[in-house]
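Working notes, structure below.
Keep in mind it's a predicted model, so treat the numbers as computed, not measured.
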Amino acid sequence: PVQAYMKRLEEVAGEAWSWHIVGTPIYQPELRAVTVIGELTILQASRSGLGFSHYVPTSEIKSVSGYKNAVNSAESDAIRNACDKFLLCL
C-alpha cells in the first residue's frame, strides 16, 4: 500500500519532500481507466510518477464515488511509481 511508501519517505527525508498532481486526472473512457501524473520532490530532486486505475462507469449516483476511488487509486499508483524512480527500498 502507498502508506508504506509515505512512511519510508518520512523516515529518509523528514519534511524535505513534497508531492503534487500535475494537471488533472485523465479519464480514458475507451479503456475505462483513469490516469494520474504526479511529481515527487525530495530536497531539490524531482521524479515524475504515472498511475493507472480501472473505472467502471454507471448511471447511478455511486458513479461519482467510484470515479473518486479510481482517481485516488491512480494517484497512489503514481506515488509508488515516483518512489521507485528514486530507488526507495521498503
Side-chain angles (χ1 to χ4, degrees):
V2 73
Q3 292 84 354
Y5 285 83
M6 296 180 89
K7 181 180 177 186
R8 182 68 176 139
L9 281 167
E10 292 291 333
E11 290 171 356
V12 299
E15 294 182 6
W17 69 277
S18 64
W19 167 260
H20 70 275
I21 294 177
V22 177
T24 58
I26 302 163
Y27 176 56
Q28 300 163 299
E30 69 282 357
L31 300 174
R32 293 186 176 172
V34 176
T35 303
V36 169
I37 301 169
E39 185 174 79
L40 174 63
T41 301
I42 301 175
L43 296 174
Q44 295 177 353
S46 296
R47 302 288 186 274
S48 61
L50 188 61
F52 299 95
S53 181
H54 288 284
Y55 170 66
V56 179
T58 65
S59 60
E60 299 176 16
I61 191 70
K62 292 179 182 178
S63 179
V64 173
S65 65
Y67 181 73
K68 179 182 173 186
N69 290 339
V71 170
N72 286 340
S73 180
E75 181 180 7
S76 294
D77 192 34
I79 293 171
R80 287 188 294 267
N81 182 251
C83 285
D84 289 345
K85 291 179 181 178
F86 272 110
L87 303 176
L88 286 175
C89 299
L90 296 181

Between [X] and [Y], is there shared hydrophobic-cluster membership here, with clusters defined by ILVMFWY side-chain heavy atoms closer than 4.5 Å?
X	Y	answer
Val36	Met6	yes
Leu31	Ile26	no
Tyr67	Ile37	no
Trp19	Phe52	no

Which pair of non-hydrogen atoms, one from [X] and one from [Y], has the smallest distance, and what is that distance?
X	Y	result
Arg80	Pro1	NH1-C, 4.2 Å
Ala70	Tyr55	CB-CB, 4.0 Å
Ile42	Ala13	CG2-CB, 3.9 Å

Would you say that more than 12 heavy atoms from the other residues, nucleotides or ligands in this model lie under 6.0 Å from the NZ of Lys85, or not?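 Correct, the count exceeds 12.
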
Are there more than 12 heavy atoms of other residues, nucleotides or ligands under 6.0 Å from atom CD of Gln44? no

Lys/Arg-Asp/Glu bridge criterion (N-O < 4.0 Å) met for Lys7, Glu10: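 Salt bridge: no.
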
Any side-chain heavy atom of Leu50 within less than 4.5 Å of one from Thr35?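 Counting from C-beta outward, Leu50 and Thr35 do come under 4.5 Å.
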
Start with the C-alpha gap between Val71 and Tyr27, add the side-chain angles, then the distance that decides, and say whether side-chain contact (heavy atoms from CB on, under 4.5 Å) holds. CA-CA 9 Å; Val71 170; Tyr27 176 56; over 6 Å; no

Please report the C-alpha distance between His20 and Val22 in whole Å, then the side-chain angles of each, then the deciding distance to 0.1 Å, and finally whether the side-chain contact (heavy atoms from CB on, under 4.5 Å) criterion is met. CA-CA 6 Å; His20 70 275; Val22 177; 4.0 Å; yes

For a side-chain contact (heavy atoms from CB on, under 4.5 Å) check, start with the C-alpha distance between Leu40 and Leu9, then their side-chain angles and the critical distance, and finish with the verdict. CA-CA 10 Å; Leu40 174 63; Leu9 281 167; 4.0 Å; yes

Could you go through Asp77 and Ser53, starting from their C-alpha distance and side-chain angles, then the distance that decides it, and tell me whether this counts as side-chain contact (heavy atoms from CB on, under 4.5 Å)? CA-CA 8 Å; Asp77 192 34; Ser53 181; over 6 Å; no

